[in-house]
Amino acid sequence: MEKQKKEQHDSESEKKHSATGHHDKKEHKEEHKNHDHDHDHGHGHGHDHSGHHQHMAEDFKKRFWISLGLTIPVLILSDTIQQWFGFVVDFAGREYIVFGLATVLYFFCGWPFLKGLYDELKQKQPGMMTLISLAITVAYIYSSAIVFGLEGQPFFWELSTLIAVMLAGHWIEMKSVMRATSALDKLMALMPDTAHRITDSGTEEIKTSEIKEGDKLLVKPGEKIPADGVVYDGKSSVDESVVTGESKPVEKKKDDEVVGGSVNSKGSLKITVKHSRENSYLSKVINMVQKASKEKSKTQHLGDRAAFWLTIIAIGVGVVTLATWLLVGRDFNFALTRMVTVMVIACPHALGLAIPLVVAISTSASANSGLLIRNRTSFENSRKIDVVVFDKTGTLTEGKYGVSRYDTLNGKTDKEEVLTLAAAVEKESEHPIAAGIVAKAQEEELDIPDPSEVENMEGEGIRGKVKGKEVKIVSPAYLEKNQINIEETAEPEETETLVYVLVDDKPTGFIALSDSIRESSIEAVKQLNDKGIDCYILTGDNETVTKTIAKKLNLKGYFAGVMPDKKQDKIKELQNKGKFVAMVGDGVNDAPALAQADVGIAIGSGTDIAAETADIILVDNNPMDVIKLIAFGKATNKKMIENLIYATAYNVVAIPLGAGVLFWAGIMINPAVGAILMSLSTVVVAINAQFLRKKLH
């Protein structure tokens, strides 16, 4: 960000964290609360969560490669591994070299988990870090004691592989949550860096951060409007799509209000500033996004809950095992070996990979299918969606004006000639309606001549000379103002915008344009309806247009004429009825609603802020991908549950056997067999996760 924007950001209260920051903090609470081992959460410090996750990922990566390099010689020099694979590597002092390598592994490579243990116990929320730390600590202390005289078999190989696998799992997980940008930065970037303030002696260029309520500003053609205000001089059309999401430019004249961040078109405007930057519309949007993000569910990750209970079971059974064998008269070494066996069996190799592997596969497979996952919890929860609310413009519709019909009015001029003349003049214009007319002429392969003397008629249309004739493309209001009568009137349909073509000031033809419904929207709504999912439309457009589209698409209902800052309330209304709501939108005006929804989905062609606020981004701008999202969410959640079962099921049998409950029958698992069972569980989890890739294609 520019220095000025950074200063603005820094000067605001601590509540003004970015919306993305709230996503990230929310994900810390839901999914990564136990991974924040090298840094604090940055609360109250303006901490950059994107950089935070980047640093964590790099730290895990570095420690993983070091652990892998140290693990290889530990495995080669381990008695257990040599027995399994039938080779021998022996020399004087071998056990001390292994001890040295394992010590580095434990204290350096295992440090994130030891720090995580401290953090979890401090918060009184033992989870994955506690379980990992418990396993590596028991393995390290027990194995070290054997090196220095205690009878038994060392588990340095188990210690090293556990640390390496856990680092790999956490590295994968951190990479999947890294963020590249900030929603606050995207919002602030909508505002220009400078503004032209009108003074008694002329105009002066100032920073937008210096704008005060009541200032007089000059907004030149093509510039962004630097603040909310009221026009006191001038006339122009203003593109408010970046703020309102609606594609049709709005004509602005004296006493009309303008919104900061919207783009002025051809004419100059002089405005009186209505709100300071802190009270501007965009600032209000930021606040709403933040509030809605913070109010989202804080459900803890399934893996954390499983790790918590496995930790309790491992500690409980381990202590009971040690105490029981001592009480029945067995020697301390035997009792300790039984306890260590229980701890080894409980080592969460498989559990540590159960979730990260599924997440990594589902994230990459989804991305290949046009779904970018920003919030994994919401992605997994997409299986619960029973209501989908769509924004209209750019989501259900194309978001750009296309010619729906055109014709002659005088019966003399060919209808193709009407379109040709209009396209010739309009190709000099940047207006969305002009783009629609030119596109239609090109589609019909008409030969568009070059115009001359093209002039924009502020708020009324455009004029120019084509083939020696004066051609004007004007609004119905222009005809009324200039008392131009049309014998054969053209009535606009419910969703149409009408313009007239005048040749030498005589009505010659008309062109009707509309923002057409996406073909994919029709099929998407049909399939959602078939699945029992209710669909609504939520838009700031008028009720006539909205009702027509809702009827054509067979929607459950619609919300029309809703101002951007009220869209969030409509989502709340549905949620208060017990609905699990997904919101699909593409504009800044959708940001609060996207944040409020249980699952926020942004159309990829929309504004960056919509994408930054959403949980999921549909890259291909295809409403059909909502169907795909729900299917992917169900498949991913199912695979996670399967992996958690596979990762922990063997403990049900192995832990009691390791503790020696069937010792009286001659059945007992020694630590090596326990480690094999644990390894098999890890392999099963890894293979099962790979099946998800096929299912998502």
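All of these numbers come straight from a predicted model, not from anything done at the bench. Below, all heavy atoms of this structure are taken into account, side chains as well, without hydrogens, waters or symmetry copies.
Rounding to the nearest 0.5 angstrom, the gap separating the CG atom in Asn381 from the CD1 atom in Ile630 is 12.5 Å. Interatomic distance, Thr208 OG1 to Ile225 CD1, rounded to the nearest 0.5 Å: 14.0 Å. Taken to the nearest 0.5 Å, the OG1 atom of Thr397 stands 7.5 Å off from the CD1 atom of Ile537. A distance of 7.0 Å separates CD1 of Ile511 from CD1 of Ile473, quoted to the nearest 0.5 Å. For the atom pair CG (Asp615) and CZ (Phe379), the distance works out to 11.5 Å, reported to the nearest 0.5 Å. Interatomic distance, OH of Tyr232 versus CG of Asp255, reported as 12.5 Å (0.5 Å rounding).
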Would Val230 and Val258 satisfy side chain to side chain contact (heavy atoms under 4.5 Å, CB included), going step by step from the backbone distance to the final call? CA-CA 6 Å; Val230 178; Val258 291; over 6 Å; no

Output, in order, the C-alpha distance, side-chain angles, deciding distance and verdict of salt bridge (charged side-chain N to carboxylate O under 4.0 Å, His left out) for Glu257 and Lys274. CA-CA 9 Å; Glu257 293 189 358; Lys274 187 175 179 181; 2.4 Å; yes

Does the side chain to side chain contact (heavy atoms under 4.5 Å, CB included) test come out yes or no for Glu213 and His275, once each step is laid out? CA-CA 5 Å; Glu213 187 175 335; His275 297 132; 5.7 Å; no

Working for side chain to side chain contact (heavy atoms under 4.5 Å, CB included), residues Glu223 and His196: CA-CA 11 Å; Glu223 290 184 337; His196 309 291; 2.8 Å; yes

For a side chain to side chain contact (heavy atoms under 4.5 Å, CB included) check, start with the C-alpha distance between Lys440 and Leu513, then their side-chain angles and the critical distance, and finish with the verdict. CA-CA 10 Å; Lys440 183 66 174 177; Leu513 302 99; over 6 Å; no

Does Lys207 form a salt bridge (charged side-chain N to carboxylate O under 4.0 Å, His left out) with Glu210? I'd like the steps, not just the answer. CA-CA 5 Å; Lys207 293 181 179 179; Glu210 298 173 9; 5.4 Å; no

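Residues Val403 and Gly436 come closest through the heavy atom pair CG2-O, 3.6 Å. Minimum heavy-atom separation, Asn622 to Ser520: OD1-CB, 3.0 Å. Shown here for Ser236 and Ser265, the closest heavy-atom pair between the two residues is OG-N, 3.7 Å. Here the closest non-hydrogen pair linking Ala195 and Ile211 is CB-CD1, 3.8 Å. The two residues Asn637 and Glu380 come nearest to each other via the heavy atoms CB-O, 4.3 Å. For Glu426 against Val438, the heavy-atom pair with the smallest separation is C-CG2, 3.9 Å.
Inter-residue side-chain proximity for Val599 and Ile385 is flagged as met; some heavy-atom pair is nearer than 4.5 Å. Two residues are said to be in side-chain contact when any heavy atoms from C-beta on lie closer than 4.5 Å; Ile517 and Ile549 meet this criterion. Residues Val389 and Val584 form no side-chain contact, since every pair of their non-hydrogen atoms from C-beta on lies 4.5 Å or further apart. Inter-residue side-chain proximity for Ser378 and Asp598 is flagged as unmet; no heavy-atom pair is nearer than 4.5 Å. Leu217 has its side chain within reach of Val273: a pair of non-hydrogen atoms, C-beta onward, lies under 4.5 Å apart. Side chains of Val387 and Ile533 form no contact here, defined as non-hydrogen atoms less than 4.5 Å apart. Considering only heavy atoms from C-beta on, Met583 stays 4.5 Å or farther from Phe390 through its side chain. Considering only heavy atoms from C-beta on, Cys535 comes within 4.5 Å of Asn529 through its side chain.
Of the candidates Gln575, Lys567, Lys570, Gln575 is the only one forming a side-chain hydrogen bond (donor to acceptor under 3.5 Å, both in side chains) with Gln596.
A side-chain N or O of Thr272 and one of Lys216 form a donor-acceptor pair less than 3.5 Å apart.
Taking the six-membered ring for Trp and the full ring otherwise, the centers of Tyr406 and Phe510 sit at least 6.0 Å from each other.
Using a 4.0 Å cut-off between charged side-chain N and carboxylate O, Asp625 and Lys628 make a salt bridge. Between Lys235 and Glu251, no side-chain nitrogen of the basic residue sits less than 4.0 Å from a carboxylate oxygen of the acidic one, so the salt-bridge criterion is not met.
A donor-acceptor pair under 3.5 Å is formed between the side chain of Ser404 and the backbone N or O of Ala512. Put simply, the side chain of Asp215 gets close to the backbone of Lys212: a donor and an acceptor are under 3.5 Å apart. With hydrogens and angles disregarded, no donor-acceptor distance shorter than 3.5 Å links the side chain of Asp228 to the backbone of Val259.
Qualifying side chain to side chain donor-acceptor pair (under 3.5 Å) partners for Glu523, counting only residues two or more places apart in sequence or in other chains: Gln527.
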